[in-house]
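Shown next, in C-alpha cells, is the structure this report addresses.
We use all heavy atoms of the structure for the numbers below, so side chains are in, but hydrogens, waters and symmetry mates are not. All ligand and atom numbering here is 1-based and tracks the order in the structure.
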Amino acid sequence: MIDQKKNPNSNSNLITIDKNSNVPLFGLDFLGVLDRATNVLEVKPITICNLHCKYCFVSAGDYERNFSIEKDYLVEWIKKAIDLKNCEDIEIHLAAYGEVLLYDELNELISDLRKISQIKTISMQSNGLLLNNKNINELEKAGLDRLNISLNSMDKEECADYCGVKKYNLEHLLKVFDLVLQSKIELLIAPVWFKGINDKGVLDVVKFVKNQEEKGYTWPKMRLGIQNYLTYRTGRKIKKARMREFIYFYKLLQKMEKEYKIKLKLGPKDFNIHKTIAIFPPVRLGDIKNVEIIMKGRWKNEYIAIFEEIWAVKVLSKEKIPIKKGIKVKFIKSSLRGNLLTAVPTR
Ligand code: SF4
C-alpha cells in the first residue's frame with residue numbers, strides 16, 4: 001500500500017479502487033454510490049480536497065490514506081444501482097468527500113453517465129475555485145446539468161478564514177459564476193450559515209444573487225440554497241458557531257424570502273426528488289456476521305471489509321485487525337436510508 005503521509009492531498013498518492021481491488025461500491029459513506037431511497041444517487045469518486053475548511057463535516061484533508069475510484073469500475077456500480085432501483089428518472093449527484101474537480105476522469109465519467117437512458121440529471125458539488133473557462137466548457141460538453149458551489153461570504157478574508165487557506169480568490173470565483181451562467185449549466189450558490197459568525201456574509205450573498213436575478217438569471221438557471229450549519233462528531237467545527245434548530249432556520253429563511261423577494265426555502269420538489277425503491281443491506285443493527293477485511297480505510301482505526309459480495313463495510317477498531325476472511329463483526333450502523341454499513345470487531 002502507498003505511504004501518503006508526506007502529502008496526503010497529492011493525486012499521485014491516491015489508492016485506486018478498481019475491479020482488482022475487490023472493494024464493493026455500496027456501503028461506505030466516503031466512497032462509491034450512496035442511495036437514500038430516492039431517485040438521487042450520491043456518487044463519491046475521490047477523497048482529496050484543495051481546501052481545508054474549518055467547518056468541513058467530513059474532515060477532508062486530514063485523512064491518512066486517500067482513495068480514487070477508477071472510472072469504468074464506478075460506472076459499473078452506478079449501473080448496478082440503477083438496475084436495483086428500477087427508476088426512470090435518476091439524478092446522479094457527484095458529492096465527493098473532497099473536491100470532485102480533482103478527480104482525473106471527471107469529464108469521461110460525466111460523458112459515460114450521460115449515455116445511460118435512466119439518468120435524467122447530472123449535478124455536482126464543488127468549492128468552485130478550480131473551475132475556469134476550459135473546464136466549464138468541458139463539463140458542459142460532457143453533459144453536466146447543475147453545479148452547486150459553496151460561498152459563505154462576499155469578503156475574501158472571511159472566505160479564506162472559513163476555508164482554512166491563506167488566500168481565497170473571490171474575484172476568480174465571481175468570474176467563474178459568470179462563465180457558468182453563460183453556459184448551459186445551472187448554478188446553485190450554497191452558503192453555509194454559521195449562526196453568529198457569517199450573518200452579514202450570508203446576507204451579502206443573498207443580495208449578490210438578487211442582483212444577478214435582476215440581470216435576468218432567474219430560477220432555475222440560478223438558485224440560492226442556504227444550508228444550516230450542522231456539526232458532526234468526526235467533522236471539523238467552527239469554534240464559536242452554534243447549530244440552529246431547523247424550525248428556527250426555516251422561519252428565518254421565510255422572513256428573508258419576504259424581505260428580499262427571493263426563493264430561499266428549497267425542498268425535494270424543487271429538484272424533482274421523489275421516493276424510490278431503496279438499495280438496502282441484508283443486516284440489522286446489532287447483527288453479528290463474518291466479513292472479509294480487505295484493506296485499511298482513511299483513518300488509523302478504520303478498515304474496509306466485504307460483506308455478501310456487494311457490500312463494503314466500514315470496520316472501526318483501535319486494535320490492529322488482520323487483513324483476512326472470517327472476521328466476526330457486530331453491525332453498529334445499518335440503515336435503509338443511506339445504505340451505510342459500520343461495524344466493530346467482536347469475539
Ligand atoms: S467543506 Fe468541501 S471544500 Fe471544504 S474541505 Fe470539506 S470537502 Fe473540501
Side-chain angles (χ1 to χ4, degrees), residues 4 7-11 13-15 28-32 34 42-69 93-104 106 109 123-132 135-136 139 144 146-170 172-174 176-177 180 187-195 197-198 201-202 205 224-241 243 297-299 302 340:
Q4 297 186 31
N7 184 4
N9 285 341
S10 158
N11 262 353
N13 284 338
L14 290 171
I15 295 165
L28 295 178
D29 52 357
F30 60 92
L31 209 65
L34 186 67
E42 275 182 38
V43 173
K44 297 164 196 305
I46 199 160
T47 64
I48 52 172
C49 194
N50 55 324
L51 299 182
H52 194 263
C53 302
K54 285 183 175 170
Y55 60 94
C56 183
F57 81 99
V58 300
S59 294
D62 291 340
Y63 307 146
E64 286 178 24
R65 277 168 298 278
N66 281 288
F67 300 85
S68 173
I69 309 174
H93 185 54
L94 298 165
Y97 269 29
E99 172 53 55
V100 74
L101 288 164
L102 292 171
Y103 183 57
D104 280 347
L106 182 60
L109 172 67
S123 58
M124 143 182 153
Q125 276 180 34
S126 166
N127 58 53
L129 293 170
L130 299 173
L131 285 166
N132 54 43
N135 58 16
I136 292 170
L139 290 168
L144 182 71
R146 194 179 66 246
L147 253 166
N148 296 5
I149 299 183
S150 45
L151 173 65
N152 306 316
S153 168
M154 295 303 288
D155 178 301
K156 62 180 175 191
E157 309 295 336
E158 282 179 17
C159 289
D161 182 40
Y162 304 143
C163 292
V165 286
K166 281 195 186 129
K167 275 192 179 169
Y168 182 97
N169 198 341
L170 181 61
H172 173 74
L173 191 67
L174 297 183
V176 159
F177 289 163
V180 176
L187 174 65
L188 185 148
I189 298 183
V192 183
W193 194 346
F194 318 114
K195 186 183 178 189
I197 304 285
N198 68 338
V202 168
V205 176
L224 179 58
I226 302 175
Q227 299 168 67
N228 194 11
Y229 173 59
L230 302 173
T231 58
Y232 294 84
R233 198 177 47 83
T234 51
R236 291 191 289 269
K237 296 158 194 84
I238 290 197
K239 272 185 199 147
K240 286 181 187 157
M243 289 206 295
R298 295 160 300 166
W299 308 103
E302 188 178 270
L340 302 174

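- In this structure, Asn13 and Asn66 have side chains that are not in contact, with every pair of non-hydrogen atoms separated by 4.5 Å or more.
- Residues Glu99 and Leu51 are not in side-chain contact: their nearest non-hydrogen atoms beyond the backbone lie 4.5 Å or more apart.
- For atom 2 (Fe) of ligand 1, the nearest protein heavy atom lies 4.0 Å or farther away.
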| task | Go through the steps to decide whether Leu106 and Met124 satisfy the test side-chain contact (heavy atoms from CB on, under 4.5 Å), and finish with yes or no. | result | CA-CA 11 Å; Leu106 182 60; Met124 143 182 153; 4.0 Å; yes
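- Among Asn127, Leu151, Asn152, the single residue meeting the side-chain contact (heavy atoms from CB on, under 4.5 Å) criterion with Cys159 is Leu151.
- By the 4.5 Å heavy-atom criterion applied to side chains, Ile197 and Glu158 are not counted as neighbours.
- Checked against salt bridge (Lys or Arg N to Asp or Glu O under 4.0 Å), Glu302 has the following partners two or more places apart in sequence or in another chain: Arg298.
- Counting only protein N, O or S atoms, the number found under 2.8 Å from atom 6 (Fe) of ligand 1 is 1.
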